[in-house]
**Student:** 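Dropping a structure here in structure tokens format, bear with me for questions.
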Amino acid sequence: MTFAELLRGSVHEVAAGIIGWTLLVDGVGGRIVEVEAYAEGDPASHAFRGATARNASMFGPPGHLYVYRSYGIHWCANVVCEQQGRGAGVLLRALEPTHGLERMRERRGVADERLLCAGPGRLTQALGLTRRDDGADLSRPPFELRAPISPVVVERTTRIGISRAVEQPWRYVEARSSWLSRRRRAG
DNA sequence: CACAGGATATACT
DNA sequence: GTATATCCTGTGA
């Protein structure tokens with residue numbers, strides 16, 4: 001499976017299917033273990049009310065980045081998915097750090113591996129992603145996406161940090177991963 | 001564990 | 001103009 005093939009699916013298929021892939025930026029990154037799907041017609045999605053200056057990338061080509069400022073402090077990065085031209089995306093929430101740990105420690109200012117990429121704001125800081133990367137093509141350098149070699153077990157849970165459509169189980173995580181931003185809800 | 005401070009772009013009235 | 005946002009961190013129990 002190539003990245004281009006993965007992107008042909010729905011936003012939910014992309015979200016579930018991208019778990020276990022390795023994302024590198026300039027050779028720094030790790031395995032994707034946690035994402036959230038923001039679908040067409042989803043009230044929690046930035047694209048819900050149509051295209052604006054901020055979310056323009058979400059209506060652009062699939063496989064590019066949508067990067068935006070969150071709470072005035074953090075950057076959050078999404079993989080743009082196409083859903084009938086309406087704008088959809090997969091929010092990158094956590095990586096299992098595998099490449100360039102030292103570089104990520106420098107950028108994050110913390111030594112604890114568990115805190116390098118566990119959370120959308122931490123992940124972008126560790127990879128050095130900012131507004132400059134909004135709209136960037138993930139299939140070209142400095143970006144690299146490698147498919148997993150062995151099968152990945154994916155679980156669905158509810159999304160985090162949103163105020164609408166809170167019950168939708170559109171957060172996808174690797175089962176039993178210890179690198180998530182939050183533990184799976186009990187039960 | 002709970003809580004609140006931080007700091008800014010954007011959307012909406 | 002005002003409110004709110006796909007959050008992180010430090011502090012005090």
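So you know, we letter chains A, B, ... as the sequences are listed, proteins then strands, and number each from 1.
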**Student:** Would you mind reading off the distance between A:E34 atom CD and C:dC7 atom P, rounded to a whole angstrom?
**Tutor:**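 After rounding, the gap between these two atoms is 10 Å.
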
**Student:** Using a 3.5 Å limit on both pairing distances, list the dot-bracket string of DNA chain B from the 5' end; Watson-Crick and G-U wobble pairs count, crossing pairs take [ ], interstrand pairs take |.
**Tutor:** ||||||.|||||.

**Student:** Check whether any side-chain nitrogen or oxygen of A:R108 sits under 4.0 Å from OP1 or OP2 of C:dC8, and answer yes or no.
**Tutor:** no

**Student:** If you count every heavy atom of other residues, nucleotides or ligands that lies below 6.0 Å from A:R69 atom CZ, does the total exceed 12?
**Tutor:**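 Atom CZ in A:R69 is packed in, count exceeds 12.
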
**Student:** Calculate the interatomic distance between A:L115 atom CG and C:dC7 atom P; express it in whole Å.
**Tutor:** 16 Å

**Student:** For A:L123 and C:dC8, what is the distance between atoms CG and C1' respectively, to the nearest whole Å?
**Tutor:** 14 Å

**Student:** Identify, residue by residue, the members of residues 35-44 of chain A with a heavy atom below 4.0 Å from DNA chain C, and return them in order of residue number, or none.
**Tutor:**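 A:Y38, A:A44, in order of number.
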
**Student:** Evaluate side-chain contact (heavy atoms from CB on, under 4.5 Å) for A:V33 paired with A:L95, printing each intermediate quantity in order.
**Tutor:** CA-CA 5 Å; A:V33 296; A:L95 302 183; 5.7 Å; no

**Student:** What distance separates A:S45 OG from A:R86 CZ, expressed to the nearest 0.5 Å?
**Tutor:** 12.0 Å

**Student:** Mind checking what makes salt bridge (charged side-chain N to carboxylate O under 4.0 Å, His left out) contact with A:R108, not counting sequence neighbours?
**Tutor:**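 Here no residue qualifies.
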
**Student:** Hey, does A:I73 reach any base, or is it just sugar-phosphate, or nothing, if we go heavy atoms under 4.0 Å?
**Tutor:**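 The answer is base, as A:I73 lies within the cut-off (heavy atoms under 4.0 Å) of a base atom.
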
**Student:** Do A:W21 and A:I19 belong together in a cluster built from hydrophobic side chains that touch within less than 4.5 Å?
**Tutor:** yes

**Student:** Using a cut-off of 4.0 Å on non-hydrogen atoms, how would the nucleic acid contact of A:R159 be classed: base, sugar-phosphate, or nothing?
**Tutor:** nothing

**Student:** Quick test of your reading: applying side-chain hydrogen bond (donor to acceptor under 3.5 Å, both in side chains), list the pairs with at least one residue in residues 50-68 of chain A, sequence neighbours left out, ordered by first then second residue.
**Tutor:**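 Every side-chain hydrogen bond (donor to acceptor under 3.5 Å, both in side chains) pair that includes a residue of residues 50-68 of chain A, provided the two are not neighbours, is A:H46-A:Y66, A:T52-A:N55, A:S57-A:D134.
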
**Student:** To the nearest angstrom, how far is A:R114 atom CZ from C:dT9 atom P?
**Tutor:**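 Taking atom P of C:dT9 as the reference, CZ of A:R114 is at 16 Å.
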
**Student:** Each nucleotide N or O in nucleotides 3-5 of chain C that has a protein N or O under 3.5 Å away: list the pair and distance.
**Tutor:**
residue, atom, partner, partner atom, Å
C:dA5, OP1, A:S163, OG, 3.3

**Student:** Less than 4.0 angstrom from a charged side-chain N to a carboxylate O is my criterion; do A:R31 and A:E174 meet it?
**Tutor:** yes

**Student:** So, does A:R131 get its side chain near the phosphate of B:dA9, meaning an N or O under 4.0 Å from OP1 or OP2?
**Tutor:**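 Indeed not, no polar side-chain atom of A:R131 lies that close.
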
**Student:** Quick check: closest heavy atoms across A:R107 and A:G128, and the distance to 0.1 Å?
**Tutor:**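 Looks like NH1-N, 3.8 Å.
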
**Student:** Taking the basic N atoms (NZ, or NE/NH1/NH2) and the acidic carboxylate oxygens, is any pair closer than 4.0 Å for A:R8 and A:E13?
**Tutor:** no

**Student:** Sequence neighbours left out, what pairs pass ring pair (Phe, Tyr, Trp, His ring centres under 6.0 Å) with at least one residue falling in residues 74-105 of chain A?
**Tutor:** none

**Student:** Under a 4.5 Å cut-off applied to non-hydrogen side-chain atoms, are A:Y172 and A:E36 in contact?
**Tutor:**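 Counting from C-beta outward, A:Y172 and A:E36 never come under 4.5 Å.
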
